[in-house]
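One structure is given below, encoded as structure tokens.
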Amino acid sequence: MVEIREVKELPKREEVRVGFHTHIKGLGLDEKGKAKKVADGLVGQEEAREALGVVAQMVKEGKMAGKGVLIVGPPGTGKTALAVGLAKELGEDTPFVAMGGSEIMGSQRKGELLMQAMRRSIGVRVKEKRTVYEGVVRDIKYRVSRHPFNPYIKVPREAVITLETTDDRVTLTVDEDIAVQLRQLGVRKGDIIAIDAETGRVYKLGRAREESDVGGIKLVREVKVPEGPVKKEKEIVYTLTLHDLDTYFAAQQAPISLLAGLGPESVTDEVRKQVDKMVSEWVKQGRAELVPGVLFIDDAHLLDLETFSFLSRAMEKELAPIIVLATNRGKAKIRGTDEEAPHGIPLDMLDRLLIIRTRPYTRSEIEEILKIRAEEEGVKLSKEALEKLAEMGEARSLRYAINLLQPAYTIAKMNGRDVVAPEDVEEATRKFVDVRESVKYVEQFKDKFL
Ligand code: ADP
């Protein structure tokens, strides 16, 4: 049976790009809050991870109200990675938003940008009875077309997917919106998924690994294969952010602003108030739960007095994300003043912050991180190539070594190899320089051309 259906517009989830940190699944702590050497995708940095474990516990007990976190340490020592770990530790669906000090300071509408960031970092977990198509993915095929602007990217235009339960089997043709979600979630044969019949939202429920055989595929049990019909009513839990709801309702209420080309960004304070009211109503009715997330601001020494007072006020609010600042500066001038302060942060703000240090990595820790990243990016490395990269990471920087993974792999393939060899790493380091080198290089010509 084939069903073709149209899907109406749903609030688009704007994923924050944390591609660099997708390997991180938590803080990697044991039951006593002690850091395991390598766990949840994190390596080393034990003190910082354990300190964040305490923060996570305080958040759960409501004891972080009015407080924030400051992570200090040299570049590339995992400040961002640890903030991601904190968010994941609080729950898989905890929102995480990362911004940089210069991005905030460069904005023409700082207040609006920060307000939006706050609302992106607060989740609303909603429970609803929905009609869904649910089952084990038996087969999935994409029809792709080229990206409208970027010819190097192929986008799925639609997908044909066969879902199976122990009793039923349905083949669906789904539109682009759903196909894109399936692709993003990395849905493959053997996954158990549910697709909302009305909104088209896709939920990945796990993988079926059942020893029994479902229509010929041998499966080892992990998530139980659903029973009954593929199309059914089911209680679904999903998490949106306040910002998702803001844009959704702004778009619904303001067809005129949409026609005027203002787009859903035209979220007004009025809309935000209405959303807050609606959400608190849902919470009262037990239909929703609020999930404070993590708002991470790197290069906090670049922020000015006005921004710090905005953040202070935000921390005071009843509903606030956990604000995690990071810097690699010691003493610095507070922007917008002539005053020097520790980390360029005003004292009244510093008083609210729990300060955590990160330290430089050892060679073997760098090697471990590179191994995890290589696996995440699907790069195959020989033992010697990994050692060579780790050496690079120690001598130059971790970021540089991570950045070389893909080029080294491409070079290996051009050299007719399937696995990166040390020669490929060397070739990559000759072709691509690190930042310190690139700066030194152009500096040496400065006198000549001035
Ligand atoms: P910083 O924010 O201090 O400049 P990042 O968090 O951006 O450093 O770290 C650089 C890269 O190394 C990122 O891809 C990050 O995910 C990874 N990374 C850093 N520290 C760790 C760690 N302890 N375990 C695993 N990966 C890490």
- [ ] Start with the C-alpha distance between R363 and E394, add both sets of side-chain angles, then the distance that settles salt bridge (charged side-chain N to carboxylate O under 4.0 Å, His left out), and finish with yes or no.
- [x] CA-CA 6 Å; R363 169 90 65 92; E394 193 184 30; 2.7 Å; yes

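- Formation of a donor-acceptor pair under 3.5 Å by the D244 side chain with backbone atoms of T241 is found in this model.
- In this structure, the side chains of D276 and L242 come closer than 4.5 Å at one or more pairs of heavy atoms.
- E128 and Y238 share a donor-acceptor pair across their side chains, judged by distance under 3.5 Å alone.
- Between E365 and K37 a salt bridge is recorded (basic side-chain N to carboxylate O distance below 4.0 Å).
- Contact between A374 and L381 at its shortest, heavy atoms only, is CB-CD1, 3.8 Å.
- Side chains of L295 and M99 form a contact here, defined as non-hydrogen atoms less than 4.5 Å apart.
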Open item on the list: Let's go through K277 and K273 carefully: what are the C-alpha distance in whole Å and the side-chain angles of both, what is the deciding distance for side-chain contact (heavy atoms from CB on, under 4.5 Å) to 0.1 Å, and is it a yes or a no?
Closed with: CA-CA 6 Å; K277 215 171 123 206; K273 260 198 216 128; over 6 Å; no

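- Rounding to the nearest 0.5 angstrom, the gap separating the CD1 atom in I71 from the CG atom in N328 is 12.5 Å.
- With a 6.0 Å radius and a threshold of 12 heavy atoms from other residues, nucleotides or ligands, E92 has its CD atom at or below the threshold.
- At a threshold of 4.5 Å between non-hydrogen side-chain atoms, the residues Q274 and F249 do not count as touching.
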- [ ] Apply salt bridge (charged side-chain N to carboxylate O under 4.0 Å, His left out) to the pair K383 and E387, showing each step before the final yes or no.
- [x] CA-CA 6 Å; K383 190 168 168 295; E387 279 165 11; 3.0 Å; yes

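- Residues T358 and A48 share a closest heavy-atom pair of CG2-CB, 4.4 Å.
- Of the possible polar contacts, none joining the E164 side chain to the R138 backbone as a donor-acceptor pair under 3.5 Å is found.
- To the nearest 0.5 Å, atoms CD (E367) and CD (E391) are separated by 10.5 Å.
- Considering D139, I193, T171, I178 as possible partners of I161, the one that fulfils the side chain to side chain contact (heavy atoms under 4.5 Å, CB included) test is I193.
- How far CD of Q116 is from OG1 of T247: 8.5 Å, rounded to the nearest 0.5 Å.
- Remark: side-chain polar atoms of K234 are not paired, donor with acceptor, to backbone N or O of V132 under 3.5 angstrom.
- Residues M118 and H243 have side chains not in contact (no heavy-atom distance under 4.5 Å, counting atoms from C-beta outward).
- In this structure a side-chain-to-backbone donor-acceptor pair under 3.5 Å is present from R373 to F20.
- Counted within 6.0 Å of NZ on K141, heavy atoms from surrounding residues, nucleotides or ligands total 12 or fewer; the atom is thus considered open.
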Open item on the list: D246 vs R119, test: side-chain contact (heavy atoms from CB on, under 4.5 Å). Steps then yes/no.
Closed with: CA-CA 9 Å; D246 291 345; R119 294 182 73 83; 2.5 Å; yes

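- When all heavy atoms are compared, the tightest approach of A39 to G28 is CB-CA, 3.6 Å.
- In this structure, the side chain of K25 does not engage the main chain of L42 through any donor-acceptor pair within 3.5 Å.
- Contact of the I369 side chain with the Y361 side chain is registered, since non-hydrogen atoms from C-beta on lie closer than 4.5 Å.
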- [ ] Before giving the answer on side-chain contact (heavy atoms from CB on, under 4.5 Å), spell out for E423 and R417 the whole-Å C-alpha distance, their side-chain angles and the decisive distance to 0.1 Å.
- [x] CA-CA 11 Å; E423 301 91 279; R417 269 190 285 270; 3.9 Å; yes

Task: Test log, rule salt bridge (charged side-chain N to carboxylate O under 4.0 Å, His left out), inputs E46 and R359 - done: CA-CA 10 Å; E46 286 88 348; R359 50 169 187 76; 3.5 Å; yes

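- Residue R157 places its CZ atom among more than 12 non-hydrogen atoms of other residues, nucleotides or ligands, all under 6.0 Å distant.
- Y142 and V187 get closest at one heavy-atom pair: OH-O, 4.2 Å.
- The structure places CZ of R188 at 11.5 Å from CD1 of I140, a figure rounded to the nearest 0.5 Å.
- For R357 and E47, the salt-bridge test fails: no basic side-chain N is under 4.0 Å from an acidic carboxylate O.
- Annotation: side chain of F96 is not in contact with side chain of K88 (no heavy-atom distance under 4.5 Å).
- Here the straight-line distance linking atom CD1 of I411 with atom CZ of F432 works out to 6.0 Å at 0.5 Å rounding.
- At least one donor-acceptor pair closer than 3.5 Å links the side chain of D167 to the backbone N or O of G228.
- Atom NZ in K67 sits 7.0 Å away from atom CG in L354 (nearest 0.5 Å).
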- [ ] Take Q181 and I195 through the test side-chain contact (heavy atoms from CB on, under 4.5 Å) and record every step on the way to the result.
- [x] CA-CA 10 Å; Q181 292 180 69; I195 304 174; over 6 Å; no

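- Judged by distance alone, the side chain of Y409 and the main-chain N or O of V420 form no donor-acceptor pair under 3.5 Å.
- In this structure E61 satisfies the side-chain hydrogen bond (donor to acceptor under 3.5 Å, both in side chains) test together with Q57, K63, sequence neighbours excluded.
- When all heavy atoms are compared, the tightest approach of P95 to I122 is CG-C, 4.0 Å.
- Under the 3.5 Å distance criterion, the side-chain polar atoms of E89 are matched with a main-chain donor or acceptor of L27.
- The main-chain N or O of T166 is never found under 3.5 Å from a side-chain atom of E227 such that the two would form a donor-acceptor pair.
- Taking the side chain as every heavy atom from C-beta outward, V279 and L245 approach each other to under 4.5 Å.
- You'll find the side chain of K79 reaches within 4.5 Å of the side chain of T77, heavy atoms only.
- The two atoms that bring V419 and S382 nearest to each other are CG1-N, 3.3 Å, heavy atoms only.
- Under the 3.5 Å distance criterion, the side-chain polar atoms of T429 are matched with a main-chain donor or acceptor of E426.
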